[in-house]
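Read the structure below first, then the notes.
All values below come from the heavy atoms of this structure, side chains included, with hydrogens, waters and symmetry mates left out.
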Amino acid sequence: SSIWNYIDITTPTIILCILTTNTFDYKLDPTLERSLQAIGVFFMWIKLLYFFRVFKSYGYLIRLLILVIDDMRTFMAVFFFTIVAFSDSLLTIAKGNTEEDMFVTSTIDSILYTYRITLGDFNVDEFGNVAVVLVYALFILCTVFNTIVMLNLLIAIISDTYANVK
């Protein structure tokens, strides 16, 4: 039931899958095989955190990290919901532009674009010609709400968890 048990089983399972496919001369798509290897390597590094818990100076940090991730579940749901709300609005407006003026072209592209706005990576010159004032209003709302309010709320959640662990 511990998260470490799932991390323990992930890497050997991936290695076993790759070895099995190679043993029976079943050729995986090279991209899929590289992706599986990357996931396996990632979980091997995460597993290293488990062993750092032995040292007192690292133990509380690892425990804090696990508790922060647990406490962030509700926040992440609300944060994702706000990103989807802004991205759907931006996509709806973008589809009114000509194809060369569309600043987002699909739902996934729109979600990634809105996430990038939240991180401060944006280009306001690409907003197209349809409902420009509304696009700027949504952009300002997104930067104020997601970047300032939501990320400060995340800091407060992390601080509260830190206070409980310390």
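- Sorted by first and then second residue, the side-chain hydrogen bond (donor to acceptor under 3.5 Å, both in side chains) pairs involving residues 36-45 (not counting sequence neighbours) are Arg34-Gln37.
- Side-chain heavy atoms closer than 4.5 Å link hydrophobic residues (I, L, V, M, F, W, Y) into clusters, and following such links, even through other members, never connects Phe24 to Leu19.
- Atom OH in Tyr162 sits 15.5 Å away from atom CG in Asp71 (nearest 0.5 Å).
- For the atom pair CG of Leu119 and OG1 of Thr114, the computed distance is 11.0 Å after rounding to the nearest 0.5 Å.
- Annotation: side chain of Ser87 is not in contact with side chain of Thr107 (no heavy-atom distance under 4.5 Å).
- Rounding to the nearest 0.5 Å gives a distance of 12.5 Å between CD1 of Ile66 and OG1 of Thr161.
- Annotation: side chain of Leu49 is in contact with side chain of Leu65 (closest heavy-atom distance under 4.5 Å).
- Side-chain atoms of Thr118 do not come within 3.5 Å of backbone N or O of Asn146 as any donor-acceptor pair.
- In this structure, Asp109 contributes its side chain and Thr105 its backbone to a donor-acceptor pair below 3.5 Å.
- Contact of the Leu67 side chain with the Asn164 side chain is not registered, since no non-hydrogen atoms from C-beta on lie closer than 4.5 Å.
- With contacts defined as side-chain heavy-atom distances shorter than 4.5 Å, the pair Phe75/Met150 qualifies.
- The two atoms that bring Ile117 and Thr147 nearest to each other are O-OG1, 3.9 Å, heavy atoms only.
- No path of Ile, Leu, Val, Met, Phe, Trp and Tyr side chains, each step under 4.5 Å between heavy atoms, connects Ile46 with Val54, placing them in separate hydrophobic clusters.
- Without hydrogens or angle criteria, Ser110 side chain to Ser106 main chain gives no donor-acceptor distance under 3.5 Å.
- Residues passing the side chain to side chain contact (heavy atoms under 4.5 Å, CB included) test with Lys47 are Ile7, Asp8, Tyr50, Phe51, sequence neighbours excluded.
- Note on Ile18 and Met44: separate hydrophobic clusters, where clusters join Ile, Leu, Val, Met, Phe, Trp and Tyr whose side-chain heavy atoms are under 4.5 Å apart, directly or indirectly.
- The CZ atom of Phe42 lies 11.0 Å from the CD1 atom of Ile14; values are rounded to the nearest 0.5 Å.
- Every residue two or more places apart in sequence or in another chain that forms a side chain to side chain contact (heavy atoms under 4.5 Å, CB included) with Thr21 is listed here: Tyr26, Leu28.
- One hydrophobic cluster, built from ILVMFWY side chains closer than 4.5 Å, holds both Leu138 and Ile140.
- Looking at heavy atoms from C-beta onward, Glu33 lies out of side-chain contact with Asp29 at the 4.5 angstrom threshold.
- Atom CZ of Phe145 and atom CG of Leu151 lie 10.5 Å apart (nearest 0.5 Å).
- If you take CD1 on Ile111 and CD1 on Ile83, they are separated by 8.5 Å, rounding to the nearest 0.5 Å.
- Residues Phe86 and Val133 are members of separate hydrophobic clusters, defined by side-chain heavy-atom contacts under 4.5 angstrom among Ile, Leu, Val, Met, Phe, Trp and Tyr.
- A donor-acceptor pair under 3.5 Å is absent between the side-chain atoms of Asp160 and the main chain of Ala156, judged by distance alone.
- Counting heavy atoms of neighbouring residues, nucleotides and ligands inside a 6.0 Å radius, atom CZ of Arg63 does not exceed 12 of them.
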